[in-house]
Amino acid sequence: VKKLLQVTLGILTAIGGFVDIGDLVANALVGARFGMALAWVVPVGVLGICLFAEMSGRVAAVSHRGVFDLVRERLGPRVALANLVASAFVNFLTMTAEVAGVALALELATSVNYLLWIPLVAFLVWVVIWRMKFDSMERMFGLAGLCLIVFAVALWKLGPDWGHLIHLATHPSLPDGEGLPTYLYYGIALFGAAMTPYEVFFFSSGAVEEKWSTEDLMVERANVYIGFPLGGALSLAIMAGAALLLFPVGIGVDHLSQVGLPVVAALGKLGIAFALVGFFAATFGAALETALSSGYTVAQYFGWQWGKFVAPREASRFHLFVLLSLIAGAGVALTTLDPIKLTEYSIVFSAVALPLTYFPILVIANDAEYMGDKTNSRVTNALGTAYLVLLCLVSLAAIPLMLATKAGM
Amino acid sequence: MRVAAAGVLLAVVATGCVGPSRTAEDYKNKAANTAEAVASSVQTARFGAQAAHDKRITAAYLSRLVAEAEEDALAAQASFDSVQPPDHDADEVHDHLDELLTDALDLLRSARLAARRGHDDELAALTEPLSKVGDKLDAFEQDPK
């Protein structure tokens with residue numbers, strides 16, 4: 001039973017991490033604008049995140065140390081600092097977007113302006129991090145996040161021609177009026193949303209929090225290979241719903257309210273209730289993960305005591321940094337910056353930072369000094385290297401495409 | 001580090017700018033994009049009105065959906081108005097689109113008020129007018145003149 005419960009870590013990371021505000025927005029936006037023409041990016045992203053999350057979880061289980069701790073030791077403080085700065089910046093943007101996402105979900109449930117919810121949301125995130133046990137936290141938001149399955153149910157209820165849908169996904173073509181640069185820009189955004197760096201920091205640090213050892217590697221792999229594909233399948237369901245319902249009538253997705261329209265059409269008020277709980281749980285779970293990740297990365301780099309597995313007074317600098325990050329994130333969200341635009345920028349900048357995040361993990365996962373006989377297999381290395389090349393291409397293309405397309409306009 | 005930060009800032013600022021129109025063709029493209037954006041808002045509101053008629057949407061969700069659609073349409077209109085028409089032909093394009101935008105925004109305002117007040121029947125009655133103005137905006141987007 002204990003091992004079964006451990007699988008929930010993967011499900012939490014998949015739903016609160018894979019399907020977060022970035023995925024909700026990116027998948028619905030892409031489905032509404034390109035139909036299923038970018039669906040192929042989702043499995044590419046899922047495979048990539050599975051690959052590197054498995055590596056980072058294995059590194060943590062074998063070494064009992066966080067990724068940033070090892071990156072600094074193995075690659076030196078200068079390389080690790082570049083990694084830290086890029087990751088911390090992207091993580092901060094993502095955390096701010098997640099906090100705003102929770103507030104947007106509450107706004108849709110209550111009609112109270114999301115700006116009024118932001119301070120309360122930030123406070124609640126901090127309280128949960130401060131008070132709730134790590135495993136209780138993961139179970140609660142992991143299970144509540146499963147409400148997003150309502151998007152898959154809605155898709156089934158909409159009764160699509162499955163063969164046609166699969167044909168559109170497997171034979172991508174540009175819709176009328178869309179250019180190749182815009183198509184590629186949104187492909188990168190989708191890829192960045194799928195491979196958001198914090199998912200790996202949280203997953204590996206979570207493995208240390210839960211005191212994983214080499215005996216837990218089977219559980220770790222089950223988490224990765226069940227949890228992340230589940231998140232990917234939900235992402236595709238969100239995209240397909242938008243492709244079926246919003247794409248034909250030209251509704252663009254600029255708000256969270258539009259993301260839920262396929263559920264409204266297929267399942268009515270009960271469906272909306274599930275979708276709202278799912279929005280809340282996924283974004284709140286991701287806000288917890290990103291806030292914790294901000295503390296994990298900085299504390300591991302500087303060698304501070306970190307984690308929820310020790311009393312807060314023993315990891316005071318870690319908790320202080322998490323608290324300050326949350327306050328700063330809430331402050332940025334309160335500037336009335338469009339939360340959906342912020343989300344779009346955060347996933348594109350994630351794409352820019354991807355090689356810096358994933359290259360050190362590949363290096364450490366191959367180092368026998370840390371890993372003993374648990375280094376990468378040849379297949380994992382071949383795939384990891386191929387992905388690093390892809391990550392570099394994506395990283396180089398992201399900003400020029402952002403400028404050329406005016407952020408996809 | 002400073003260069004990277006400046007690059008990020010430049011990217012964000014540059015992508016948020018509305019460029020001027022030097023030619024009538026460019027102006028037409030901007031007009032078509034505006035029509036497309038407002039048509040999206042109109043279709044969103046129409047979807048909400050239909051869902052309200054079918055009792056498939058909660059009041060709070062509907063209220064936000066329609067209010068956000070109106071805000072988007074207003075933003076698109078303001079952005080378009082900030083672009084100077086470069087010649088007489090562009091003036092005509094502007095006037096035609098302005099008329100459509102005015103109709104669309106009137107309907108979106110009515111839809112927002114009906115949704116806010118919980119008057120689902122009034123909102124449902126707007127489904128057809130919203131559909132018509134949406135079709136006109138689509139037609140304009142295809143052939144802006």
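In what follows, chains carry the letters A, B, and so on, assigned in the order in which the sequence lines appear, proteins first and then strands, with residues in each chain numbered from 1.
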Notebook entry, point to check: Checking side-chain contact (heavy atoms from CB on, under 4.5 Å) against B:Thr34, which of B:Leu101, B:Leu137, B:Asn29, B:Val83 comes through?
Noted result: B:Leu101

Checklist line | Per-residue contact mode, A:Ala266 against chain B (heavy atom under 4.5 angstrom) | finding: backbone

Check: Are B:Tyr27 and B:Phe80 close enough that their ring centres sit under 6.0 Å apart?
Finding: yes

Margin query: Quick check on A:Ile272 against chain B: is it the side chain, the backbone, both or neither that has a heavy atom closer than 4.5 Å?
Written below: side chain

Notebook entry, point to check: A:Leu245 versus chain B, heavy atoms under 4.5 Å apart: side chain, backbone, both or neither?
Noted result: side chain

Checklist line | Residue part contacting chain B, namely of A:Leu246, when any heavy atom lies under 4.5 Å | finding: neither

Next item on the list: Say whether B:His53 and B:Asp121, considering side chains only, have a donor N or O and an acceptor N or O under 3.5 Å apart.
Entry: no

Check: A:Leu391 versus A:Phe191: any side-chain heavy-atom pair under 4.5 Å?
Finding: yes

Notebook entry, point to check: Which pair of heavy atoms, one from A:Leu334 and one from A:Leu115, lies closest together, and at what distance?
Noted result: CD2-O, 3.3 Å

Check: What option among A:Ala32, A:Ser111, A:Gly271, A:Ala273 has the most heavy-atom pairs under 4.5 Å with chain B?
Finding: A:Ser111

Notebook entry, point to check: Contact part of B:Phe47 toward chain A, heavy-atom cut-off under 4.5 Å: side chain, backbone, both or neither?
Noted result: side chain

